[in-house]
Structures are given as structure tokens and as C-alpha cells.
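Below you'll find the structure, written out as C-alpha cells, and then a few comments.
Chain identifiers are assigned alphabetically (A, B, ...) following the order of the sequence lines, protein sequences preceding nucleic acid strands; residue numbering begins at 1 within each chain.
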Number of protein chains: 2
Amino acid sequence: MDAPRWLDEREDRAWRGYRRMRRLLDLELARELSQDAGLSEPDYDVLSDLSETPQGRLRLSELAHRMLWSRSRLSHHLSRMQQRGLVTREECADDARGSIVVLTPAGRQAIESAAPGHVAAVRRHLIDLLTPAEVDALGALTHRVVDHLAEPGLQATRPQPAAKA
Amino acid sequence: MDAPRWLDEREDRAWRGYRRMRRLLDLELARELSQDAGLSEPDYDVLSDLSETPQGRLRLSELAHRMLWSRSRLSHHLSRMQQRGLVTREECADDARGSIVVLTPAGRQAIESAAPGHVAAVRRHLIDLLTPAEVDALGALTHRVVDHLAEPGLQATRPQPAAKA
DNA sequence: CTAGCTTCGATGACATGTCAACAAATTTTC
DNA sequence: GAAAATTTGTTGACATGTCATCGAAGCTAG
């Protein structure tokens, strides 16, 4: 290993700031979401992704892919959400292995009533604190990093058992 | 609730990008860290914060405060790290309730050998993908958000039982 | 002093996430 | 078209995080 190139002062400031923001923003958003809507962030994300589809239906594995979750994690989580009546599972017509995750009316109700408050919180604690230029910069920079990470070559883009050596 | 002000296209792009980057970056950094150094990110953070103090010693509660962790979480995590020989606990001289978390030689060894690779990964997957202006923008923006969230008035800045209504 | 009140850290119960293994269904290969 | 390989979703064991509670120690006010 060569002499490591440590982060300089500005880089360190950005990296520490990022991690701190990450943690604090998460805590606050989760706190408000849970208090105002009785949902966890994972709950919200599942419902949100489902509600963005025309029918409120997605193959489990497609949903897992979009969320960057493992199928296992999603399956466990859906079981809990199913018990609360937010989603159901249906059999898949064309693929008998598959299951389709379906938003229930209660689930749609939950996301629709949670969304305004959640978006407001995202604005209040993040977006509205940024200049338009910063919003654009954040959009550009995050997408560049995402594209880089998603590049084939390194590793799987989804959380899955590591590729076979 | 007033008519919600949804995110416009640019804001949405920034918000989605942020969340996606967050997830992917985390997965990748954790994967490399675990593979190269046998440490999880929480392990790394504990060791890193400890090693930044002159003696490699910190009060448990001070460490928890810096990490934005609950004392409970830290206590559990330290027990596991202690079993692996990375840290120890010592009694606190001036406060008999307290315990002092101490970096063991093995712990120092672990962080020192993990750090170069980890910093390199942070560079490779984030910092080096940004222009100097973006690094500065990220530093500025994250710190502004952190300061805003840390403001008294809203809620606790650390994960703790919520304030009594 | 000492009776509350607070803080410290540990703990156990529980919620959530990860990982490996599995059966069933599908796809590929010959 | 059948054997082999892959994909799908579930499951159980385990690791990790959260939450409420606790005993011990410190602090504060009379």
C-alpha cells in the first residue's frame, strides 16, 4: 500500500459533514414520520415505490431491485406490513414462483396521508436550506457517484451474495 | 394541512440521488471495509473516534455523544468489540458510575491498518469524483443542514428518549 | 445530612437486517 | 425433452439496533 493520500481539510469537512447530516437527517425524518404517520422510513419507501406504479402492484423482486434491498429483507418486511394490512401478496400469473406485492386501500391511504408531511419535513430540514445552485450541485454529484458505483466491474449493484470469485 | 408543495424536478432529482448514493456508497464502503480489514462501519467509527483522542480513551457517554449513538447501543456494541479484543473498559476515577473506553493495542493496530484502505475507498467512490467546487459545496451544505438540525427547539440532537411532553 | 432528581452505563425483551439454505419453478443446454 | 443451472421467494439462525427499565452514583435543595 502506497503512502495514503489522506483527506485534506476541505475534503474532510465534506466527508464528516456528509456523515453527520446523514445521521441527523435520518433520525429527524424518521422521528417525524413515525410520530405523524405511524410509519417507519422503510415502510414509507415500500409504500411510496408501490404507489408510483399505475396499479400499485409490483413483483417482489422488482420492488427489491428498485429499493436496493435484498429479496430476503423485503420478504421479511412485507410480512410485517401485511400483518398491519398495508400490503398483500398475490400469485403471479405468468411465473408461478413469483409473488406480486399489492398496495391495499389502507396502504394507499397511509402513504397519501403521510406524504405531504414527509415532503414538508424533507423541505424544512434539507431542500429549503439549499440555494438552487446547491440543489443542482447535489443532484449532479449524487448521480455521478451513483453511476460510478453502479458500474459493472466492481461489485453487484444490489445487495446480494457476492459474485463468485 | 395546506396544499403540499411537492418537490420540483430538480429537487426531486437531488433528493432521490442523495438517498440512492447514501445506500450504494454505504454498501460498497462496508463491503470493502469488511473484506479488507474485517471491520464493520460501526466498528471503524468507534475505533476512529477513539484513536483521534490523545490517549485513545474516552468516557462511554462522551463517545456516544460524538457518534450520535445512544449509550445503550454503544454499550452493546462495545461488549462485542471487547470480546474481539479491540477495546477494553476501565473504571472512571472521578465518577464511579462511569466507564472509560480504551483502545487496546490490537484496536489501534486494527484502525491503523484499516484507515489507508478506507480513505482510499472514500476517495475512489466519492471525493475524487467531485470537483473542488463540489467538495466545498458539499461541505457547506451539509454543515448548514447539520447546524439547522442541531438547533435546540426541535428535538434532541442525540438519539435519546424523547423529551417529556 | 438526606430526600428527591438526574445521570451513567448495563441489561433484557423485542424489532429489524443479514446470511445461508431451501423448495419450487423457470431457463438453458445439449 | 430431460438434466443441469439459475431465479424466485421463504425461512430460520443469528447479528445488530431500539426501547424501557434498572441499580448505582452523583447532584441539588431544604
Query raised in the report: Any luck finding a side-chain donor-acceptor pair between B/Glu32 and B/His118 under 3.5 Å?
Result: no
Query raised in the report: Is any side-chain N or O of B/His76 under 3.5 Å from a base N or O of C/dG9, one able to act as donor and the other as acceptor?
Result: no
Requested in this report: Rounded to the nearest 0.5 Å, what's the gap from SG on A/Cys92 to CZ on A/Arg97? Could you check?
Outcome: 9.5 Å
Report task. Mind calculating the distance between CG (A/Leu60) and P (C/dA25) to the nearest angstrom? Result -> 17 Å
Report summary line: The nucleotide from C/dG17, C/dA10, D/dT18 with an atom nearest the side chain of A/Pro42 is C/dG17
Query raised in the report: So, A/Ser40 versus A/Asp43: side-chain donor-acceptor pair below 3.5 Å or not?
Result: yes
Query - C/dT26 base / A/Arg97 side chain donor-acceptor hit below 3.5 Å - result: no
Query raised in the report: Could you state the interatomic distance from CG (B/Asp128) to CZ (A/Arg5), rounded to the nearest 0.5 Å?
Result: 4.5 Å
**Report entry** Modelled atom types, side-chain donor and acceptor of A/Arg89 and A/Ser79, under 3.5 Å
**Finding:** yes
Query raised in the report: Under 4.0 angstrom, heavy atoms only, what part of the nucleic acid is B/Ser72 near: base, sugar-phosphate, or nothing?
Result: base
Query raised in the report: B/Arg73 has an atom CZ; how far is it from atom C1' of D/dT16, in whole Å?
Result: 8 Å
Requested in this report: Return yes if a side-chain donor-acceptor contact under 3.5 Å exists between A/His77 and A/Arg80, otherwise no.
Outcome: yes
**Report entry** Side-chain touch B/Leu33/B/Glu41, heavy atoms, less than 4.5 angstrom
**Finding:** yes
Report task. Grab the CH2-C1' distance between B/Trp69 and C/dG9 for me, whole Å please. Result -> 15 Å
Report task. Can you tell me the distance, in whole Å, between the CZ atom of B/Arg59 and the P atom of C/dA10? Result -> 11 Å
Query raised in the report: Does D/dT8 have OP1 or OP2 sitting under 4.0 Å from an N or O in the side chain of A/Arg71?
Result: yes
Requested in this report: Could you tell me whether the phosphate oxygens of C/dA10, OP1 or OP2, come under 4.0 Å of any side-chain nitrogen or oxygen in B/Ser75?
Outcome: yes
Query - A/Leu74 CG - C/dT16 P separation (whole Å) - result: 14 Å
Report task. Give a yes or no on whether B/Arg10 atom CZ has more than 12 heavy-atom contacts from other residues, nucleotides or ligands under 6.0 Å away. Result -> no
Query raised in the report: Taking five pairs at each end of the helix from C/dC1-D/dG30 to C/dC30-D/dG1, what angle separates the two helix axes (nearest 10°)?
Result: 30°
Report task. Test for a donor-acceptor pair under 3.5 Å between the base of C/dT16 and the side chain of A/Ser40, counting only N and O atoms. Result -> no
Requested in this report: Identify, residue by residue, the members of residues 77-96 of chain A with a heavy atom below 4.0 Å from DNA chain D, and return them in order of residue number, or none.
Outcome: A/Arg89
Report summary line: Atom CG of B/Leu27 and atom P of C/dG17 are separated, to the nearest Å, by 13 Å
**Report entry** N/O donor-acceptor pair under 3.5 Å between A/Thr142 side chain and A/Leu138 backbone
**Finding:** yes
